[in-house]
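To keep things clear, I will list the structure first and then write my remarks on it.
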Amino acid sequence: MPCGRVLSCTQTTPRRCAVALTGNGSSRVVLLKMSVLQGLSTLSEPQCLLLAVQYATESNINALRALTALRESELPLDLVLAVLLTFLPEGAEPATYVEYLNELATGARHPGDDPAAHLDIAAVEALSKSQTKRRRKALELLPLVHSQYDAELELDSFSHFLIHRAHRIDSQTGLLDLVPQLIVPFLNHSEYLRTWFISTAMPLLRISYEYYPQGTAVSLDEFASLRGMRALDFNFSNLRASRRVGVDTENAARDMKGIVAPWICGANERKRQRLSSSDRRASITEQPVQESSDWDCLFQWLLHTSKEDLPLVTAIISEWDGPEDMDLGGFEEGREYVDEETQRRVEMKYAQTALACLYLVDTNDVGALQTAHTLLMRICELLNHEPPPDLNVGVESLPTYDLTIPILQDATSSLIQEERLLASDNDITKPDKSTLRIIELILFSACVLLTLQHAVSPRAAAKMSLRDDYSEQSSLLQKVLHTLTSGPKKDSDQWQTIRSKLLWLWSWGTNMHDNDRHGQGIFGMLEKTTIETEILKSLIEGSHFPLAVQIYVKPAFGEQPLLQSEVEKVVIAAALNHYDNASNGNRNRGGMKRCADIIAAFAPHFHKSSRFQRAQALLSATHAMSFYSLKLEHGVPFQPVNIRVTADPLSLVQKLLSQNLGSYTKLDDFVSIGQNLVVSMPSTILDDNKNANSLDATALEKKKAIAERRVIGMAIDAALEEGDFETAYSYVVNRLTPTASPSPAVSTSSQRFSFDSNTSEKHTATSSDTDDIAWRAALRAGRSPSSTPSHSRFSTTSGRPDLRRLEQRMELLSQALLLAPAPALEEVLTEWQACEASMTHLLAQETEAEQRFNDAADRKLPGAFDTGSLPSVQPRREVGRAAAEESPMGLFDVARGAAAAFSKSAFPLRRDARPSSRPEESPSARASAEVSDEDSLHGSMHGSMHGHEDRVRKRDLLANTATGALQSGLGWVLGAKPVGEQGR
């Protein structure tokens with residue numbers, strides 16, 4: 001039936017309608033529908049609303065469509081949308097009501113083909129007005145605008161309804177996959193709705209259903225409320241979680257393009273949502289700062305994440321081409337969500353972020369360097385620059401600092417602090433050719449250090465280059481070389497490469513450098529000579545002597561890494577370092593062997609060097625000392641370094657003699673040790689003082705003479721300590737002779753001990769030091785007591801050992817008189833007089849015994865000798881000796897014969913003068929030879945006593961010598977002139 005007829009039917013009277021209902025069946029249906037429509041027209045506005053709520057609750061879309069179309073004036077669009085939002089079940093398939101929603105959105109409401117068939121007004125028709133009013137008042141309709149979008153004042157109600165409906169579907173049912181069915185058909189309704197779906201609904205749909213269906217679910221309400229870093233953390237959370245369980249980075253770019261980039265498309269909408277009416281004015285000043293806040297947050301997130309997961313960030317940057325590279329699922333339909341100006345600015349910020357990530361690489365393994373190198377190549381690709389070389393290139397192919405702008409001159413390490421890396425005024429992260437070359441050099445510096453077995457992260461290398469800390473760079477250089485020398489042994493080619501790499505780290509391949517630096521590289525604060533010196537030390541430490549000689553001692557033409565004086569000092573210092581750390585003085589063991597090897601390797605190239613000569617002398621002395629046991633104070637064993645720290649190294653010889661019994665018999669060995677010690681001057685070998693390092697021949701011989709006499713004196717003391725008077729006597733007689741023989745005249749003796757009245761200093765033919773040592777040694781031997789005389793077979797007059805000991809002591813004292821200075825003569829003469837008194841007493845006893853023997857012989861008749869009755873006395877002495885020796889000689893009686901003492905030699909007991917020492921003979925051999933000479937001499941004296949009555953007695957010779965010396969000394973005191981001058 002046409003609609004017109006139905007409507008006209010509704011205007012007939014009830015009676016006529018009732019009559020019509022009594023007709024056939026079809027007529028009755030028509031009449032019934034007409035009755036429903038007539039009843040619908042009589043419903044009040046509240047009743048229509050209640051009926052719409054009922055239809056919405058029942059998901060009766062057809063009835064709702066008919067109701068809203070037939071009573072459009074009572075059910076406006078906003079009210080219908082509110083009813084649908086509030087009462088239409090969220091689980092209803094959007095396909096069932098999308099067409100109806102489209103009619104509402106377009107305003108072309110249509111009741112359907114048979115609206116009366118779907119309408120049922122019985123539920124509300126019977127309600128009274130009061131009931132209707134009460135039920136209407138009880139209805140609570142939801143607002144069309146979702147609370148998160150209340151700032152979108154210009155958004156139409158239908159768009160608000162769809163967004164709110166999408167949130168309701170997800171929050172009430174969790175069926176987020178129903179949202180696209182609801183929203184996609186209306187994307188053309190408004191750009192806001194399209195942007196909202198692309199930036200909010202679609203990323204969450206991909207996370208929850210496509211990319212990570214097993215991940216943690218989050219509601220649309222929660223996701224839409226995320227801002228800034230929190231949103232980015234959630235967007236990448238599933239990717240980060242998969243990285244923690246070992247999943248590769250293959251999905252990194254996918255998530256960037258399909259989740260994060262679409263989410264950023266809603267930046268403007270989210271920004272407007274933050275601008276509520278209460279703080280709109282305050283946020284006006286923040287507008288420029290927040291213009292690209294989501295992009296800035298993304299770059300900050302990438303920078304921060306690179307510290308923890310550089311491969312992840314590298315994978316994102318390597319496969320994401322920037323702000324225009326988005327996967328919007330085709331819903332954008334050719335729209336550009338980033339304008340050209342913003343895109344250009346964001347692209348530069350993107351490149352700066354990638355560059356800044358390299359300055360935060362704080363890992364020093366090979367994988368991190370490879371990843372950083374990959375990222376650097378990607379940055380060069382983004383900026384259309386030449387890519388860097390491979391990390392494993394040779395030294396000759398390493399990049400060079402070829403920049404004309406000193407970009408690092410005013411740069412400081414504060415520029416690479418994380419919060420400043422992305423600043424627009426940061427000169428070292430602005431993406432251009434210069435900054436790329438700098439980070440390339442820093443990255444390759446870390447790589448070169450890794451090949452030198454010292455891992456340093458790119459961030460640490462950058463800090464070192466910017467900090468310009470001399471001590472830090474010096475410490476790193478020493479650590480690198482220490483690691484190389486202490487590790488597996490390397491050949492010469494490897495060390496050549498090592499040296500080239502270290503010099504590249506110093507200069508970065510250029511001769512240009514900043515004003516406050518010596519080189520441009522990370523070792524630039526060090527001088528080049530410092531680098532070369534440390535390399536030379538390492539070559540020596542690694543026993544690469546030929547290579548060290550080739551590079552530093554005999555360099556190629558035009559190359560002179562170090563001056564020869566510097567090389568010499570480094571070599572000596574390296575050798576002495578091993579010497580000081582040696583625990584044994586044997587040159588064939590441990591540190592001593594290393595020291596000797598170094599000296600032997602370089603000495604031929606420094607044959608005029610006094611340092612090398614002194615070092616060789618020190619090695620010889622130390623090696624010789626190693627054959628003796630020696631302990632220092634508190635029982636500490638002797639070590640070679642003790643020689644270097646001892647102010648007087650010769651004092652160690654004295655300890656050797658005292659701690660090794662019988663060692664004094666090896667006099668030549670100890671003299672050699674002492675001479676080498678004084679020649680080497682151990683504590684000053686490394687001093688730069690020229691006087692300390694010069695070895696003048698005259699001064700050298702003087703030092704040796706002093707050392708020899710000191711050692712002889714020590715040996716004499718050691719012999720006396722061990723009770724070996726004969727050896728001490730032999731050393732004094734044979735080794736402590738005057739260096740100049742006196743003339744036969746008394747004047748010679750006087751001149752030898754003459755004094756200058758102006759200076760009152762003694763002028764002698766030898767050094768006062770050597771003479772002082774000599775006369776004191778002779779005096780100590782002459783003081784040796786006679787209580788335990790040695791059983792010597794040498795005696796001039798008898799076989800009595802006590803007389804022999806006295807004769808030897810007096811001879812030693814006479815030697816002391818010849819060597820002693822004038823102020824010490826009285827001390828020597830006092831000892832000499834005591835010996836003379838003892839000698840006189842013993843001789844008087846012997847004379848008395850001889851007299852008794854003679855008297856007893858005279859009383860015996862010829863042939864009646866009774867030898868058994870004779871007293872046990874010495875054999876008969878020469879006639880006249882007793883008379884001559886009855887009384888002791890006075891002090892000036894001794895002085896009268898001083899001249900005769902010097903007519904023979906400095907030793908009265910020997911007729912023939914002999915050298916003071918025989919280097920080719922041992923001390924014991926020399927002593928035996930002297931004793932033999934003295935024995936023959938004494939024998940001849942006995943045999944010719946009666947034929948030479950004018951012979952000068954030995955006692956007289958000693959007396960003459962002593963008194964002559966005393967006369968000259970006392971004569972100076974009394975103002976007397978020497979005998980020679982008186983004669984003249």
message: Here's one to test your reading of the geometry: is the NZ or CZ of Arg254 within 45 degrees of the ring axis of Tyr212 and under 6.0 Å from its centre?
response: yes
query: Salt bridge between Asp321 and Arg378, side-chain N to carboxylate O under 4.0 Å?
result: yes
Distance-only donor-acceptor check, side chains Glu90 and Thr173, under 3.5 Å: no
- prompt: Would a 4.5 Å heavy-atom cut-off, applied to side chains only, mark Pro262 and Ser199 as touching?
  reply: no
Carboxylate-amine/guanidinium proximity below 4.0 Å for Lys307 and Asp362: no
- prompt: Centroid-to-centroid, Tyr149 to His146, below 6.0 Å?
  reply: yes
message: Regarding Glu103 and Arg109, does a basic nitrogen lie under 4.0 Å from an acidic carboxylate oxygen?
response: no
- prompt: Ring centroid separation for Tyr55 and Phe87, is it under 6.0 angstrom?
  reply: no
query: Hey, are the side chains of Leu50 and Leu127 touching, using non-hydrogen atoms and a 4.5 Å cut-off?
result: yes
Between Ser171 and Asp221, a side-chain donor and acceptor under 3.5 Å: no
Heavy-atom side-chain contact between Met256 and Phe236 under 4.5 Å: yes
message: Can you confirm if the aromatic rings of Tyr350 and Trp320 lie within a centre distance of less than 6.0 Å?
response: yes
- request: Answer with yes or no whether the side chains of Asp233 and Trp301 bring together a donor and an acceptor at under 3.5 Å.
  value: yes
